[in-house]
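Shown next, in structure tokens, is the structure this report addresses.
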Amino acid sequence: MRTFTYQALPMRVRFGSGMLNELPDELDALELASAIVLCTPAQGQLGHAVNDILGDAGRGVYAHAEMHIPLSRAEAARAFAEERGAAAVVCIGGGSTTGLGKAIALTSGLPIIAVPTTYAGSEMTPIWGLTDHSVKKTGRDPRVLPRSVIYDPELTYTLPARVSVTSGVNAIAHAAEALYAPDASPIISLMAEEGARTMLAALPAVSTNLGHQHGRWEALYAAWLCGAVLGATTMGLHHKLCHILGGTFNLPHADTHTVVLPYVLAFNLAAAPRAREALARATNTDTPAAAVKKLADSLGAPPSLASLGMPADGIAEVVRQAVDSPYSNPRAVAAEELTALLTDAHTGAWPREDILL
Ligand code: NAD
């Protein structure tokens with residue numbers, strides 16, 4: 001019989017269409033008098049609308065969130081929060097915006113209310129990341145876990161088709177690795193399988209009809225589950241590779257996850273039978289790794305690392321970094337196998353048929 005430890009994270013979730021309008025109530029419920037709003041430049045209009053919804057409690061908008069959270073940007077955002085004397089930070093956007101809020105919370109302890117508009121899942125985790133001189137550092141700290149998360153599917157209607165797919169597969173990657181994580185537990189496995197299954201089913205609808213109400217609800221619900229299992233477990237080879245690829249070649253986060261995931265699953269699942277069974281049920285096939293690849297390809301996702309701009313001669317460096325730093329994975333990783341995996345992912349070729357897919 002298995003033994004396990006499950007640590008529930010203190011987290012309040014409000015979910016539903018139009019839920020953004022409940023933001024002032026949420027601030028009141030948490031006894032927070034005021035907040036600044038963070039967003040990306042592209043979501044500036046939405047950020048200002050959120051500041052308006054906050055009414056007298058709104059302390060202004062900092063619309064400069066960007067991918068990988070450069071330290072200088074984090075410091076500027078911290079100064080903005082301090083100047084405005086805000087009691088809280090509202091992050092409206094994807095993982096980059098939530099990440100900027102986490103950078104503020106890490107040093108100030110200011111509570112975060114997250115309003116996610118992608119499927120990245122950062123809002124459900126105590127994991128922060130900061131980039132200084134091209135080196136991305138990450139860590140876990142309970143201060144950066146949002147106090148409250150407002151999921152409003154209507155905010156995802158504008159997410160472009162391709163980003164919907166790659167962000168959705170990014171979420172599935174959290175679920176897949178949670179299923180074979182060393183610190184998985186029965187409740188995490190239930191959430192992970194449900195998250196993967198629901199996201200896989202929703203992606204065709206939301207990528208062909210951006211305003212598909214039911215599909216958007218399902219995809220965001222799946223993103224919540226996938227983010228929750230990311231926050232509760234230790235990720236393996238897939239997240240390690242994506243972290244190295246993103247940091248070394250500045251590749252886009254969700255695109256990289258989408259290209260790499262099927263290859264890592266093809267490599268890992270033979271060594272992770274329970275995860276394999278769960279993903280076979282979630283994909284409704286006997287070949288879950290191939291099913292993820294087929295779905296992503298059919299919905300127009302990027303087919304290879306080469307198509308994202310990674311140079312072929314960079315593979316050796318990724319292998320070196322991955323083999324050098326230890327991490328948890330169901331299957332031991334040797335340099336030669338990893339080179340083969342990355343070579344396939346680089347060209348978009350599907351691995352040999354004798355691998356259990
Ligand atoms: P992102 O936040 O960078 O957003 C990508 C782009 O999509 C941005 O230009 C943004 O303005 C736009 N966008 C977001 N929502 C939109 C919407 N509804 N409609 C139209 N445009 C929209 O991308 P992401 O994939 O959500 O997040 C990636 C970042 O999050 C990475 O830096 C990654 O490391 C981090 N991340 C962290 C964790 C964690 O637990 N700490 C988890 C997942 C991701």
Side-chain angles (χ1 to χ4, degrees), residues 9 11 20 38-47 49-50 61 63-71 73-74 91-103 105-106 112 114-131 136-146 149-175 177-178 206-207 210-211 216 219-220 223-224 226-235 238-247 250-258 301:
L9 293 170
M11 166 69 68
L20 177 62
L38 304 183
C39 60
T40 59
Q43 290 182 295
Q45 213 178 343
L46 180 61
V50 171
V61 180
H64 304 290
E66 69 170 272
M67 189 100 81
H68 303 312
I69 333 290
L71 184 59
R73 191 58 53 85
C91 305
I92 179 136
S96 299
T97 303
T98 309
L100 186 61
K102 287 176 168 184
L106 187 63
I112 297 173
V115 188
T117 63
T118 70
Y119 306 133
S122 175
E123 69 282 356
M124 295 305 297
T125 83
I127 305 165
W128 56 267
L130 278 170
T131 305
K136 187 167 181 181
K137 287 188 193 151
T138 59
R140 280 181 184 252
D141 191 310
R143 281 177 303 178
V144 310
L145 181 74
V149 180
I150 294 180
Y151 286 106
D152 185 339
E154 287 179 17
L155 298 171
T156 61
Y157 292 177
T158 49
L159 199 61
R162 177 175 150 139
V163 186
S164 299
V165 174
T166 56
S167 192
V169 178
N170 183 193
I172 293 167
H174 308 328
E177 294 227 298
V206 301
S207 57
L210 300 189
R216 287 298 191 186
L220 199 58
W224 166 43
C226 294
V229 301
L230 168 70
T233 57
T234 306
M235 296 285 106
H238 171 77
H239 281 73
K240 180 78 192 174
L241 287 180
C242 292
H243 183 88
I244 297 170
L245 286 161
N250 198 25
L251 302 185
H253 177 82
D255 286 7
T256 308
H257 274 265
T258 303

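Each ligand, and each atom within it, is numbered from 1 in the order the structure gives. These numbers come from a predicted model, not from an experiment.
Nearest heavy-atom pair across A301 and V165 is CB-CG1, 4.1 Å.
Of all atoms in ligand 1, numbered sequentially from 1 with element shown, those under 4.0 Å from a heavy atom of T118 are 14 (C), 15 (N), 26 (O). Close approach to T40 involves these atoms of ligand 1, each under 4.0 Å from a residue heavy atom: 10 (C), 11 (O). Residue contact check: T125 has heavy atoms under 4.0 Å from atoms 39 (C), 40 (O), 41 (N) of ligand 1. Numbered from 1 in the order shown, with element, the atoms of ligand 1 that lie under 4.0 Å from a heavy atom of K102 read 39 (C), 40 (O), 41 (N). Counting the atoms of ligand 1 from 1 in the order shown, those under 4.0 Å from a heavy atom of G94 are 2 (O), 26 (O). Annotation for ligand 1: atoms under 4.0 Å from non-hydrogen atoms of I127 are 39 (C), 40 (O), 41 (N).
Distance from atom 34 (O) of ligand 1 to its nearest protein heavy atom, with residue and atom name: K136 NZ, 2.8 Å. With hydrogens left out, the protein atom closest to atom 44 (C) of ligand 1 is H253 NE2, 3.5 Å, a heavy atom. With respect to atom 19 (N) of ligand 1, the closest heavy atom belonging to the protein is T158 OG1, 2.8 Å. Nearest protein heavy-atom contact of atom 1 (P) of ligand 1 is S96 OG, 3.4 Å.
The proximity of L155 to ligand 1, defined as any non-hydrogen pair under 4.0 Å, is limited to the backbone. Contacts between E66 and ligand 1, counted as non-hydrogen atom pairs separated by less than 4.0 Å, are absent for every part of the residue.
Where the criterion is an N or O separation shorter than 3.5 Å, residue side chain and backbone included, N170 fails it with respect to ligand 1. Polar contact with ligand 1: present for Q43 (N/O pair, distance under 3.5 Å).
Under the 4.5 Å side-chain criterion, counting only non-hydrogen atoms from C-beta, V149 is in contact with M124.
Under a 4.0 Å heavy-atom criterion, L159 is in contact with ligand 1.
For H239 and H243, the ring centers are positioned 6.0 Å apart or more.
Identified under the salt bridge (Lys or Arg N to Asp or Glu O under 4.0 Å) test for residues 116-126, with sequence neighbours left out: none.
Side-chain contact of H238 with H257: a donor-acceptor pair under 3.5 Å is present, judged by distance alone.
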